[in-house]
*Asks:* 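Here it is: the structure, laid out below.
Chain identifiers are assigned alphabetically (A, B, ...) following the order of the sequence lines, protein sequences preceding nucleic acid strands; residue numbering begins at 1 within each chain.
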Amino acid sequence: MSSSFQAPKGVSEYVPPRSAAFLAARDAYARAVTRAGYGYIELPVFEDTQLFARGVGESTDVVTKEMYSLTDRGGRSLSLRPEFTAGVVRAVLEHGLHKGQLPVKLWTTGPAFRYERPQSGRYRQFYQVDLEAIGTEDPAVDAETIAVAFDWYRELGLTRQRLLLNSLGCRECRPAYRALLQEFLRGLPLDAATQARAEVNPLRVLDDKRPEVRALVADAPLMIDHLCAACKAHHDTVRERLADLAIEWVDEPRLVRGLDYYMRTAYEFEHPLLGAQSGIGGGGRYDGLSEDIGGPPLPGIGFGLGLDRTVLAMEAEGVAATAQRACDVYGVPLGEAAQRRVFTLVAELRRAGVAADMAYGGKGLKGAMKGADRSGARFALILGERDLAEGVAQVKELATGEQTAVPLDDIVTILKGKVR
RNA sequence: GUGGGCGUAGCUCAGUUGGCAGAGCACCAGGUUGUGGUCCUGGGUGUCGGGGGUUCAAGUCCCCUCGCUCACCCCA
């Protein structure tokens with residue numbers, strides 16, 4: 001052990017060279033959503049605990065046992081965000097964004113927190129990229145969110161992800177179906193925990209991954225067969241729009257998302273190379289969420305995609321970006337006076353738009369040249385007392401070994417021309 | 001929350017029936033007091049995760065604990 005401290009249990013951290021893929025993925029996401037007309041929103045990492053309780057749902061595992069909650073010095077109960085959507089909707093309402101043109105299209109990214117047992121691809125602090133389109137029921141927007149996610153995956157070089165699609169019904173048709181399902185489940189020999197879940201949130205029982213439970217619910221009634229006319233029309237249009245974009249999906253009538261606010265469209269992106277935590281992202285429609293948290297009726301659709309899992313998927317597919325040292329020129333000073341001159345030359349090169357670095361720590365020539373080599377720079381800028389006296393520096397092209405003396409006053413101009 | 005596997009150098013790992021902590025890579029220095037990659041020489045850089053116990057002696061055996069990991073559950 002190298003220090004008496006370790007990172008808290010279960011957090012994800014990225015250090016070079018792996019961090020390059022993380023950053024590349026996040027940058028690519030910003031480009032993809034910006035192209036699609038989504039504006040950036042920066043949110044607090046913690047919110048009033050009640051926002052999540054009422055938004056995400058009192059009965060969900062996320063709220064009942066996975067939140068990092070604390071009481072601040074003012075006696076307020078705050079919780080680290082376990083997901084993004086509730087906070088985005090809260091901010092939209094608070095700033096009145098929904099009073100302008102609709103839909104309000106927003107994106108954000110950052111860490112979220114859930115107290116769970118860590119596992120491959122599952123962390124207590126994990127990262128998501130998020131997208132929300134608020135203020136329209138238009139099913140084309142449902143399809144747009146999926147298309148944006150796919151464009152991002154494609155830009156990252158991922159090819160193996162699958163889209164699972166379902167409709168969870170709405171306030172009109174779900175209650176009747178829910179009662180029907182509940183009745184069915186009560187007749188099954190389920191274990192106590194599952195039986196309890198059947199009472200609180202029967203749809204989630206359908207999503208159980210245990211084979212014995214799967215077998216029991218094989219003949220359960222499905223929401224998709226009990227959608228009201230409006231929900232069915234909505235769902236059909238979403239599917240039609242996806243087909244228009246040549247986006248492939250798998251109808252998964254048992255797909256149920258773990259957060260209470262989802263209604264109508266629900267979807268999940270799955271990657272086959274990730275083991276148990278194969279869901280790399282998920283989203284859906286949350287037309288009742290605004291009202292749940294005390295706002296006006298305001299439909300919405302959005303997703304959260306796991307950055308950690310996306311990076312794992314990139315690594316699994318062998319398309320993860322590797323750290324690239326963006327260095328054009330590397331300064332190699334010999335002696336104190338030269339070090340001082342190289343230090344300013346490097347700064348001037350940077351100001352001129354040339355990526356530059358130099359050897360620090362009074363390294364010998366050999367060590368400094370080694371640093372030049374490892375930096376990936378095209379040119380080494382070598383300066384010793386002898387050069388200094390002559391008013392020149394040695395510019396060495398590292399690939400060829402070719403070296404020329406260049407007047408100090410021309411260094412920046414000449415190197416700027418060479419690296420272009 | 002429940003179960004399985006694993007913790008030895010920066011990394012990947014070896015370490016016999018308990019007997020002086022090792023290898024490869026990486027790193028540092030030198031060969032060359034002004035020239036990198038290749039090569040040669042030298043250097044181990046360590047709380048064997050932590051604590052306790054057994055023993056003449058523990059990396060090795062026992063207990064506890066922390067962490068990592070895989071699966072259940074849940075989900076990103």
*Asks:* Leu415(A) and side chain to side chain contact (heavy atoms under 4.5 Å, CB included): which single residue from Val395(A), Val406(A), Asp328(A) fits?
*Replies:* Val395(A)
*Asks:* Look at all strands and tell whether Gly10(A) reaches a base, only sugar-phosphate, or nothing, counting heavy atoms closer than 4.0 Å.
*Replies:* sugar-phosphate
*Asks:* Measuring to OP1 and OP2 of A76(B), would you say a side-chain N or O of Arg257(A) lies under 4.0 angstrom away?
*Replies:* yes
*Asks:* What is the separation between atom CG on Leu190(A) and atom C1' on C73(B), rounded to the nearest whole Å?
*Replies:* 15 Å
*Asks:* If you take all heavy atoms of Glu13(A) and Ala7(A), which pair is closest and at what distance?
*Replies:* OE1-CB, 3.7 Å
*Asks:* Just wondering, do Tyr127(A) and A76(B) stack (centres under 5.5 Å, planes under 30°)?
*Replies:* no
*Asks:* Return the 5'-most residue of the pair Lys65(A), Gln128(A) with respect to RNA chain B, ranking by each residue's nearest nucleotide.
*Replies:* Lys65(A)
*Asks:* Between Asp208(A) and Arg197(A), does any side-chain N to carboxylate O distance fall below 4.0 Å?
*Replies:* yes
*Asks:* If we take the C1' atom in both G7(B) and G46(B), what is their distance in whole Å?
*Replies:* 14 Å
*Asks:* Can you check the Leu80(A) CG to A76(B) P distance for me, whole Å?
*Replies:* 17 Å
*Asks:* For atom P, what is the distance between A26(B) and G19(B), given to the nearest Å?
*Replies:* 32 Å
*Asks:* Please state the P separation for the pair C73(B) and G10(B) - nearest whole angstrom.
*Replies:* 39 Å
*Asks:* Between P on U69(B) and CD on Glu116(A), what's the gap in Å once rounded to a whole number?
*Replies:* 14 Å
*Asks:* Under a 4.0 Å N-O cut-off, is there an ion pair linking Arg204(A) with Asp61(A)?
*Replies:* yes
*Asks:* Are the charged groups of Lys370(A) and Asp373(A) less than 4.0 angstrom apart, N to O?
*Replies:* no
*Asks:* Run the ring-ring contact (aromatic ring centres under 6.0 Å, His included) test on Phe269(A) and Tyr267(A) for me, step by step, so that the C-alpha distance in whole Å, both residues' side-chain angles and the decisive distance to 0.1 Å come before the verdict.
*Replies:* CA-CA 7 Å; Phe269(A) 296 100; Tyr267(A) 57 86; 5.7 Å; yes
*Asks:* With a 4.0 Å cut-off, would you call Arg257(A) and Glu268(A) a salt bridge?
*Replies:* yes
*Asks:* If I compare all heavy atoms of Val332(A) with all of Ala380(A), which pair ends up nearest, and what's the gap?
*Replies:* CG2-CB, 4.4 Å
*Asks:* State, to 0.1 Å, how close Gly281(A) and Leu305(A) come at their nearest heavy-atom pair, and which atoms those are.
*Replies:* CA-CD2, 3.7 Å
*Asks:* Kindly state each residue pair satisfying side chain to side chain donor-acceptor pair (under 3.5 Å) with at least one member in residues 398-418 of chain A, sequence neighbours excluded.
*Replies:* Gln394(A)-Gln403(A)
*Asks:* Hey, which of these two, Gly304(A) or Leu274(A), hits RNA chain B nearer its 5' end, going by closest nucleotide?
*Replies:* Leu274(A)
*Asks:* For a quick test of reading the model: is some side-chain N or O of Lys9(A) closer than 4.0 Å to OP1 or OP2 of C68(B)?
*Replies:* yes
*Asks:* I'd like the C1' distance from C11(B) over to G51(B), given in whole Å.
*Replies:* 28 Å
*Asks:* For atom C1', what is the distance between U8(B) and G24(B), given to the nearest Å?
*Replies:* 15 Å
*Asks:* From OH of Tyr14(A) over to C1' of A76(B), roughly how many Å is that when rounded to an integer?
*Replies:* 11 Å
*Asks:* Before we go on, tell me: are the rings of Tyr29(A) and Trp107(A) under 6.0 Å apart, centre to centre?
*Replies:* yes
*Asks:* Any donor-acceptor pair under 3.5 Å joining the side chain of Gln119(A) to the base of C75(B)?
*Replies:* no
*Asks:* At under 4.0 Å between heavy atoms, what does Tyr123(A) touch on the DNA or RNA strands: base, sugar-phosphate, or nothing?
*Replies:* base
*Asks:* Would you say the base of C75(B) and the side-chain of Arg114(A) have a donor-acceptor pair closer than 3.5 Å?
*Replies:* no
*Asks:* Go through A71(B), C74(B), A76(B) for me and flag the one nearest to the Arg117(A) side chain.
*Replies:* A71(B)
*Asks:* How would you summarise protein contacts on nucleotides 30-41 of chain B per nucleotide, using B for base, S for sugar-phosphate only and - for none, with heavy-atom distances below 4.0 Å?
*Replies:* -B--BBBB----
*Asks:* Can you tell me how far C1' of A76(B) sits from CZ of Arg26(A), to the nearest Å?
*Replies:* 16 Å
*Asks:* I'd like the P distance from G52(B) over to A58(B), given in whole Å.
*Replies:* 13 Å
*Asks:* Quantified in whole Å, what is the P atom distance between nucleotide A57(B) and nucleotide A21(B)?
*Replies:* 15 Å
*Asks:* In whole Å, I'd like the distance from the CZ atom of Arg309(A) to the P atom of C75(B).
*Replies:* 11 Å
*Asks:* Determine, for Arg160(A) against Glu317(A), whether the closest basic-nitrogen to carboxylate-oxygen distance falls under 4.0 angstrom.
*Replies:* no
*Asks:* Report the distance from atom CD of Glu270(A) to atom C1' of A76(B), rounded to the nearest whole Å.
*Replies:* 13 Å
*Asks:* Output the rounded distance in Å from CZ (Phe269(A)) to C1' (C75(B)).
*Replies:* 15 Å
*Asks:* For Arg197(A), which contact category applies under a 4.0 Å heavy-atom criterion: base, sugar-phosphate, or nothing?
*Replies:* sugar-phosphate
*Asks:* Could a donor-acceptor pair under 3.5 angstrom be found where the side chain of Arg122(A) meets the base of C73(B)?
*Replies:* yes
*Asks:* Using a cut-off of less than 4.0 Å, is there contact between a side-chain N or O of Ser120(A) and OP1 or OP2 of C70(B)?
*Replies:* yes
*Asks:* Quote, to the nearest angstrom, the P distance that separates A14(B) from G3(B).
*Replies:* 28 Å
*Asks:* So, is Gln277(A) close to the A76(B) phosphate, meaning a side-chain N or O under 4.0 Å from OP1 or OP2?
*Replies:* no
*Asks:* Would you write out the dot-bracket form of RNA chain B, 5' to 3', with Watson-Crick and G-U pairs under 3.5 Å, [ ] for crossing pairs, | for pairs to other strands and . for unpaired bases?
*Replies:* (((((((..((((.....[..))))((((((.......))))).)...(((((..]....))))))))))))....
